[in-house]
Amino acid sequence: MKIENSLGSKIRRRRQELQLSQEELAAQIGLSVSLLRDIEHGRGNPTIKTLGKIFSGLGMEFESLFSNVQTTLVSENPEEIVRNIAIQLKALIALPREDQELASQIFRQLSLILQEQAG
């Protein structure tokens, strides 16, 4: 399953759990119904800001985006970890400025959590 479809399914399921129509959720979070519909059906390409609005409106955490997601980028080899981080940073640089700023805030929060766990 494509990640867009998986994401859309999670959003649709949560909206239905809350017994909200697409129209009600869209009005509540300030999005168009057509954009929300496209995202739910895996056709949209939402920005991080848009996802933030949706997740906030549904009472969801960003980490739920990554539940049940497996990756091959996990390694204990420091050189491979650095290489994988560089790849992710290049992808981040390609994002619009607004999305870069939101991603940067998320990374800062993750860094603080990791520092608390290590200390």
Side-chain angles (χ1 to χ4, degrees):
M1 176 182 274
K2 291 172 54 176
I3 192 163
E4 297 90 357
N5 294 337
S6 176
L7 173 63
S9 293
K10 285 181 184 185
I11 291 170
R12 184 174 48 255
R13 276 193 308 272
R14 178 64 177 154
R15 177 182 56 75
Q16 290 170 341
E17 287 172 4
L18 296 173
Q19 299 180 346
L20 292 170
S21 68
Q22 288 178 332
E23 293 78 10
E24 290 169 327
L25 178 59
Q28 177 184 329
I29 61 176
L31 293 181
S32 71
V33 176
S34 61
L35 175 58
L36 181 58
R37 183 178 303 120
D38 284 347
I39 293 168
E40 284 190 3
H41 291 280
R43 295 187 301 257
N45 189 13
T47 64
I48 292 175
K49 183 177 180 179
T50 298
L51 287 176
K53 287 181 178 183
I54 294 170
F55 275 55
S56 177
L58 294 173
M60 297 172 71
E61 299 291 331
F62 256 80
E63 66 189 23
S64 67
L65 271 174
F66 307 106
S67 64
N68 301 324
V69 174
Q70 296 179 353
T71 178
T72 58
L73 297 178
V74 176
S75 173
E76 292 187 23
N77 177 340
E79 291 174 0
E80 192 172 331
I81 292 170
V82 169
R83 196 170 27 257
N84 290 333
I85 290 172
I87 291 168
Q88 297 304 315
L89 287 174
K90 285 181 185 177
L92 179 63
I93 290 169
L95 291 174
R97 183 75 183 146
E98 180 177 277
D99 291 349
Q100 288 178 5
E101 290 171 6
L102 185 54
S104 178
Q105 291 172 4
I106 292 168
F107 290 140
R108 280 194 293 276
Q109 290 298 319
L110 288 172
S111 176
L112 290 173
I113 291 168
L114 290 173
Q115 288 175 4
E116 287 175 6
Q117 289 178 349

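None of the values given here were measured: they were computed from a predicted structure. Every heavy atom of this structure was used, including side-chain atoms; hydrogens, water molecules and symmetry mates were not.
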Shortest non-hydrogen separation from Pro46 to Ile39 and the atoms involved: CB-CD1, 3.7 Å
Spatial distance of atom [atom1] ([X]) from atom [atom2] ([Y]) [nearest 0.5 Å]:
| X | Y | atom1 | atom2 | result |
| --- | --- | --- | --- | --- |
| Arg15 | Ile11 | CZ | CD1 | 10.0 Å |
| Thr50 | Leu35 | OG1 | CG | 6.0 Å |
| Arg12 | His41 | CZ | NE2 | 5.5 Å |

So do the side chains of [X] and [Y] get within less than 4.5 Å of each other, counting heavy atoms only?
| X | Y | answer |
| --- | --- | --- |
| Arg37 | Glu23 | yes |
| Leu20 | Gln28 | yes |
| Arg14 | Lys10 | no |
| Leu25 | Val33 | no |

Working for side chain to side chain contact (heavy atoms under 4.5 Å, CB included), residues Ser56 and Lys53: CA-CA 5 Å; Ser56 177; Lys53 287 181 178 183; 5.9 Å; no
Neighbour count above 12 (heavy atom, 6.0 Å) for Glu79 CD: no
Exam field: side chain Glu24 to backbone Ser21, donor-acceptor pair closer than 3.5 Å: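 Side chain of Glu24 to backbone of Ser21: a pair is present.
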